[in-house]
Protein chains: 2
Amino acid sequence: MATINIRGDIREATCAEELIAMRDSIELFSGKWKLQLLRYLSNRPAEKNLFKKMLGEIGGISARMLSKELKVLEMNFLATRTVLNTRPITVAYAITPYGQTILPVAEALVQWGLEHREKVKATIAS
Amino acid sequence: MATINIRGDIREATCAEELIAMRDSIELFSGKWKLQLLRYLSNRPAEKNLFKKMLGEIGGISARMLSKELKVLEMNFLATRTVLNTRPITVAYAITPYGQTILPVAEALVQWGLEHREKVKATIAS
DNA sequence: CTGTATCCACTGGGATACTG
DNA sequence: CAGTATCCCAGTGGATACAG
């Protein structure tokens with residue numbers, strides 16, 4: 001994935017801009033962690049979201065992935081990274097106001113996913 | 001990707017249902033084509049969306065991918081597949097009413113992607 | 001015409017070991 | 001503590017050839 005999530009290749013005739021924008025979004029949102037991390041941060045706006053704490057609280061993620069994904073969020077202006085004056089150093093992350101603009105989209109995905117599970121279950125049962 | 005897009009492994013303590021639902025959605029929407037195909041079908045509700053025609057009009061997709069992706073959409077009740085009585089046979093696809101429920105989400109992704117491009121461009125320029 | 005089968009290059013992401 | 005480097009495997013998607 002391009003770290004700075006912008007796509008340059010414009011080719012299709014119909015609604016090229018929209019298609020590319022949609023692919024930008026999909027690309028940025030794809031993968032196991034980024035949306036989940038943003039939701040995590042948004043649910044704890046006041047707290048110090050330390051790397052270590054996130055690592056412990058978010059089940060299943062490795063330090064490598066947490067670091068990588070947070071860096072991508074930071075490069076896309078969705079999260080901030082703050083090095084604290086501790087020894088040894090600790091790092092706190094927070095969602096940006098801009099990052100909060102994806103939350104409604106994320107909630108839409110959650111909502112649709114929940115309904116989709118019901119739909120599939122109901123259809124299979126019948 | 002699981003063809004029938006439902007996930008069974010519930011483990012996380014916090015909001016497990018929501019997380020899993022979100023991942024279901026992300027998984028289903030990920031990849032280059034599925035959302036684009038749904039939008040294509042939704043923009044041509046009255047027409048016969050023949051495989052051949054789609055193959056020609058959707059830039060860059062191969063027959064293999066078109067077939068595979070449409071099959072996934074069909075298995076998730078998002079699109080229908082109709083074999084026509086022609087010689088040789090032709091096949092028409094259509095979005096289902098259920099499939100249309102994702103369109104608002106897709107539009108949200110498009111909208112956010114468009115704004116993100118502006119944001120990134122503006123930030124880089126400054 | 002509408003797919004499926006095969007082959008292949010590329011990427012995402014886990015495990016682990018290591019550095020500042 | 002926070003992050004990087006390396007290795008590895010599974011999955012995605014393109015090209016091509018083939019089948020019903």
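Chain A is the first sequence line, chain B the second, and so forth, proteins listed ahead of strands; every chain is numbered from 1.
Of all nucleotides listed (D:dA2, C:dG13, C:dG3), C:dG13 comes nearest to the side chain of A:E69. The side chain of A:K32 lies closest to C:dG13 when the candidates are C:dG3, D:dA2, C:dG13. Looking at the side chain of A:P88, the nearest of the listed nucleotides D:dC1, D:dG13, C:dT2 is D:dC1. Between D:dA2, D:dG13, D:dT4, one nucleotide has an atom nearer to the side chain of A:S67 than all others, and that is D:dT4.
For the pairing with B:H116, the ring pair (Phe, Tyr, Trp, His ring centres under 6.0 Å) check across A:Y98, A:F29, A:F77 returns one residue only, A:Y98. Applying side-chain contact (heavy atoms from CB on, under 4.5 Å) to B:M54 and the options B:L37, B:V91, B:I61 leaves one that passes, B:L37.
Between the CG atom of B:L55 and the P atom of D:dT16 there is a distance of 14 Å, rounded to whole Å. What separates NZ of B:K68 from P of C:dA5 is a distance of 11 Å, to the nearest Å. What separates CD1 of B:I89 from P of D:dA19 is a distance of 17 Å, to the nearest Å. A:N49 places its CG atom 16 Å from the C1' atom of D:dC1, with the value rounded to the nearest Å. Atom CD1 in A:I26 sits about 15 Å away from atom P in D:dT12, given to the nearest Å. Atom OH of A:Y93 is separated from atom P of D:dC1 by 15 Å (rounded to the nearest Å). Atom-to-atom, NZ of A:K53 to P of D:dC1 comes out at 15 Å; the value is rounded to the nearest Å. For A:N85 and D:dC1, the CG to C1' distance is 14 Å, given to the nearest whole Å.
Position along DNA chain D of the nearest nucleotide to A:K71 versus B:M65 favours A:K71 as the more 5'-ward residue. In terms of position along DNA chain D, the nucleotide closest to A:L50 lies nearer the 5' end than the nucleotide closest to the other residue of the pair B:S62 and A:L50.
B:R87 comes within 4.0 angstrom of nothing in the nucleic acid, heavy atoms only.
Phosphate contact (OP1/OP2 of C:dT2, side-chain N/O of B:R81, threshold under 4.0 Å): absent.
A donor-acceptor pair is defined here as one N or O able to donate and one able to accept, closer than 3.5 Å; such a pair exists between the side chain of A:R44 and the backbone of A:Y40.
Between B:Q36 and B:I58 there is a side-chain heavy-atom pair separated by less than 4.5 Å.
In this model, a side-chain donor or acceptor of A:R64 finds a partner on the base of C:dG14 within 3.5 Å.
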Inset, instruction - Take B:L28 and B:V72 through the side chain to side chain contact (heavy atoms under 4.5 Å, CB included) test and state the conclusion after the steps. - result: CA-CA 9 Å; B:L28 183 54; B:V72 173; 4.3 Å; yes
